[in-house]
Amino acid sequence: MLCLSWGVLRLWTRRGKTKNFYYRIERGGLQELFQLAYGRYEIDPSTDNPFLAGTVRYEMQEFEFVNSEKEYANANDYEEMYVFYNELKEPVYRYNPEKKADKDYVKSIITAGMTRNRGGAVIDPYLNITRLFKDKLGIEVKITVDKEKKLAVLSMGSSK
């Protein structure tokens, strides 16, 4: 079991339903989530904190699971897209921040108490990792929350 702590994750629950794990799209860390899902990491033992098993060290990849790519409409005009790949290097999902979000996989979430310099609430696109990994990668993502220990435990495994 792997316990992780990220300041940019969001858990979303509805009564009687499982927790969905959302992660901010336009931020680093998505590559590492794919590496965790595919088991491409090592754990370096902790020497100073007896409560942690260690630090996650990710393998250097020759291949990126998440890329920002330009899609050209003509010789001058293009749109920046996020393209997500599976382990076979096949594209499994595309996200265009300039177009209306696919509500099955993307949710706009207001970050409580934060505002932008130009005014207004902080509303950022978050990717539903739980659904994307299950639908596109065949990987089940489960979240359990230990309120007493103040931990969110993320576990991933084959959904087949």
Side-chain angles (χ1 to χ4, degrees), residues 1-14 16-47 49 51-73 77-109 111 123-146 149-160:
M1 186 177 305
L2 188 61
C3 298
L4 301 171
S5 173
W6 280 306
V8 294
L9 66 86
R10 297 286 181 260
L11 302 176
W12 197 265
T13 61
R14 293 189 186 211
K17 293 195 176 184
T18 59
K19 294 173 180 68
N20 283 318
F21 174 46
Y22 285 85
Y23 195 85
R24 189 169 156 198
I25 294 174
E26 298 169 351
R27 185 153 195 154
L30 282 169
Q31 174 71 20
E32 286 82 3
L33 283 173
F34 278 78
Q35 286 182 266
L36 287 171
Y38 286 123
R40 295 185 178 183
Y41 63 90
E42 304 269 336
I43 296 180
D44 293 333
S46 177
T47 56
N49 190 334
F51 297 99
L52 301 177
T55 304
V56 175
R57 181 173 36 88
Y58 298 98
E59 294 178 10
M60 293 301 295
Q61 296 289 312
E62 62 206 45
F63 172 72
E64 297 287 323
F65 292 105
V66 182
N67 279 321
S68 177
E69 299 176 3
K70 294 177 183 176
E71 189 171 280
Y72 284 87
D77 302 318
Y78 66 88
E79 293 179 329
E80 200 81 30
M81 309 217 29
Y82 292 91
V83 182
F84 301 87
Y85 294 89
N86 64 15
E87 197 169 34
L88 301 173
K89 302 179 183 178
E90 302 166 331
V92 294
Y93 184 70
R94 293 178 178 279
Y95 170 70
N96 183 337
E98 301 300 320
K99 294 193 176 169
K100 188 173 179 174
D102 174 359
K103 292 184 180 186
D104 288 337
Y105 297 106
V106 178
K107 182 179 203 70
S108 293
I109 298 176
T111 306
I123 302 173
D124 290 313
Y126 281 76
L127 185 63
N128 185 337
I129 297 296
T130 306
R131 187 157 191 185
L132 181 79
F133 278 27
K134 182 178 181 182
D135 293 352
K136 305 294 184 178
L137 306 178
I139 295 173
E140 193 82 35
V141 176
K142 292 184 182 175
I143 300 282
T144 54
V145 177
D146 185 331
K149 294 181 181 176
K150 298 180 181 177
L151 287 175
V153 180
L154 174 68
S155 46
M156 298 182 195
S158 176
S159 63
K160 297 171 183 167

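Both backbone and side-chain heavy atoms feed into the values below; hydrogens, waters and symmetry mates do not.
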Any idea which heavy atoms bring [X] and [Y] closest together, and the distance?
X      : Y     : answer
Arg94  : Val83 : NH1-CG2, 3.3 Å
Tyr23  : Gly29 : OH-CA, 3.5 Å
Gly54  : Ile43 : CA-CG2, 4.0 Å
Met156 : Leu33 : CE-O, 4.0 Å

Item checked: Tyr95 and Leu127: CA distance, side-chain angles, deciding distance, side chain to side chain contact (heavy atoms under 4.5 Å, CB included) verdict -> CA-CA 9 Å; Tyr95 170 70; Leu127 185 63; over 6 Å; no

Would you say [X] and [Y] make side-chain contact, with heavy atoms under 4.5 Å?
X      : Y      : answer
Val141 : Leu154 : yes
Glu32  : Tyr58  : yes
Thr130 : Tyr22  : no
Tyr82  : Leu30  : no

Margin query: Using the side chain to side chain contact (heavy atoms under 4.5 Å, CB included) criterion, which residues pair with Glu90? Sequence neighbours excluded.
Written below: Asn86, Leu88

Next item on the list: Tell me, please, which residues at least two apart from Ser46 pass side chain to side chain contact (heavy atoms under 4.5 Å, CB included).
Entry: Asp48, Asn49

Margin query: My understanding is that only residues two or more places apart in sequence, or in another chain, count here; which of them pass salt bridge (Lys or Arg N to Asp or Glu O under 4.0 Å) with Asp77?
Written below: none

Check: Yes or no on side chain to side chain contact (heavy atoms under 4.5 Å, CB included) for Tyr38 and Ile139, after CA distance, side-chain angles and deciding distance?
Finding: CA-CA 9 Å; Tyr38 286 123; Ile139 295 173; 4.0 Å; yes

Check: Got a sec, which residues hit ring-ring contact (aromatic ring centres under 6.0 Å, His included) with Tyr105, two or more places apart in sequence or on another chain?
Finding: Tyr93

Notebook entry, point to check: Which residues pass the ring-ring contact (aromatic ring centres under 6.0 Å, His included) test with Phe63, sequence neighbours left out?
Noted result: Phe65, Tyr85

Notebook entry, point to check: When rounded to the nearest 0.5 angstrom, what is the spacing between OG in Ser155 and CG in Leu36?
Noted result: 11.5 Å

Check: Quick one: CG on Leu132 to CG on Asn20, what's the gap to the nearest 0.5 Å?
Finding: 11.5 Å

Note to self: Parallel, tilted or perpendicular: which one describes the rings of Phe34 and Phe84, with boundaries at 30° and 60°?
What the structure shows: parallel

Notebook entry, point to check: According to the salt bridge (Lys or Arg N to Asp or Glu O under 4.0 Å) rule, which pairs have a member within residues 133-142, sequence neighbours left out?
Noted result: Arg131-Asp135

Next item on the list: Can you run down the salt bridge (Lys or Arg N to Asp or Glu O under 4.0 Å) pairs that involve residues 78-88, sequence neighbours left out, and say none if there aren't any?
Entry: Arg40-Glu87, Glu79-Lys99

Item checked: Short side-chain to backbone donor-acceptor contact, Asn67 and Glu69, under 3.5 Å -> no

